[in-house]
Amino acid sequence: MPRRDGRAIGYVSWLQRISFWSGEDYLALDDLYVTGAERGEGVGEQLMQAVAEAADGKVIRWEVAEANVAAQRFYSRIGATLVSKKIGRWQRK
């Protein structure tokens with residue numbers, strides 16, 4: 001967890017998963033957060049590099065909301081491929 005002056009300025013979490021489609025292991029990025037004051041300072045890239053090291057060559061997958069344009073710009077800037085998909089949700093009442 002990166003820190004500045006003793007306080008956390010960001011975090012990243014992920015899970016190792018197996019794809020039922022391909023049978024391959026991959027890392028599912030759960031959350032990436034950088035405090036507002038630290039955005040644009042390379043903290044997000046450092047966190048993504050930590051994930052890449054943990055992935056050890058495996059694919060890293062995640063979802064980003066269509067409305068989160070800033071996150072999409074960040075991911076594109078670091079070389080990620082963003083693909084569209086529809087996510088279904090259902091809650092039986």
Side-chain angles (χ1 to χ4, degrees):
M1 180 178 316
R3 297 183 173 275
R4 183 143 1 262
D5 299 326
R7 62 181 175 78
I9 58 173
Y11 66 87
V12 64
S13 62
W14 67 86
L15 301 166
Q16 186 166 334
R17 298 262 170 107
I18 189 164
S19 169
F20 291 112
W21 294 100
S22 68
E24 307 263 331
D25 287 347
Y26 69 94
L27 258 63
L29 181 66
D30 180 53
D31 201 6
L32 172 69
Y33 177 77
V34 176
T35 60
E38 301 295 334
R39 292 181 185 166
E41 301 296 321
V43 176
E45 290 180 49
Q46 291 174 7
L47 291 168
M48 288 300 288
Q49 286 298 325
V51 176
E53 289 176 24
D56 194 29
K58 295 178 185 81
V59 170
I60 303 166
R61 293 182 54 184
W62 66 91
E63 296 176 11
V64 59
E66 284 187 50
N68 194 343
V69 176
Q72 292 175 44
R73 277 194 312 261
F74 166 74
Y75 292 128
S76 293
R77 193 180 77 229
I78 66 169
T81 302
L82 301 177
V83 296
S84 296
K85 75 176 194 175
K86 299 294 181 192
I87 299 172
R89 295 181 68 182
W90 181 49
Q91 183 177 11
R92 187 171 175 181
K93 296 181 181 187

Test side chain to side chain contact (heavy atoms under 4.5 Å, CB included) on Lys58 and Gln16 and set out the steps. CA-CA 10 Å; Lys58 295 178 185 81; Gln16 186 166 334; 3.8 Å; yes
Closest approach of [X] and [Y], non-hydrogen atoms and distance?
X: Ala65; Y: Gln72; result: O-NE2, 3.0 Å
X: Arg17; Y: Leu15; result: NH2-CD1, 3.2 Å
X: Pro2; Y: Gly10; result: CD-O, 3.4 Å

Residue list, side-chain hydrogen bond (donor to acceptor under 3.5 Å, both in side chains) with Thr81, at least two apart or on another chain: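 Residues passing side-chain hydrogen bond (donor to acceptor under 3.5 Å, both in side chains) with Thr81: none at all.
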Under 4.5 Å side-chain linkage, directly or through intermediates, the cluster mates of [X]:
X: Ile60; result: Ile9, Val12, Trp14, Leu27, Leu29, Leu32, Val34, Val43, Leu47, Met48, Val51, Trp62, Val64, Phe74, Tyr75, Ile78, Leu82
X: Tyr26; result: Val59
X: Trp90; result: none

I need the Thr35 OG1 to Arg7 CZ distance, nearest 0.5 Å.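 Going from the OG1 atom of Thr35 to the CZ atom of Arg7 covers 5.5 Å.
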Give me each pair satisfying salt bridge (Lys or Arg N to Asp or Glu O under 4.0 Å) with a member in residues 77-92, each pair once, sequence neighbours excluded.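 The answer is Glu45-Arg77, Glu63-Lys85.
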Which pairs count as salt bridge (Lys or Arg N to Asp or Glu O under 4.0 Å) when at least one residue sits in residues 21-30, sequence neighbours excluded?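 Output for this query is empty, none listed.
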Just by modelled atom types, is the Arg3 backbone N or O under 3.5 Å from a matching donor or acceptor in the Glu38 side chain?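 Pair absent, no side-chain N/O of Glu38 close to backbone of Arg3.
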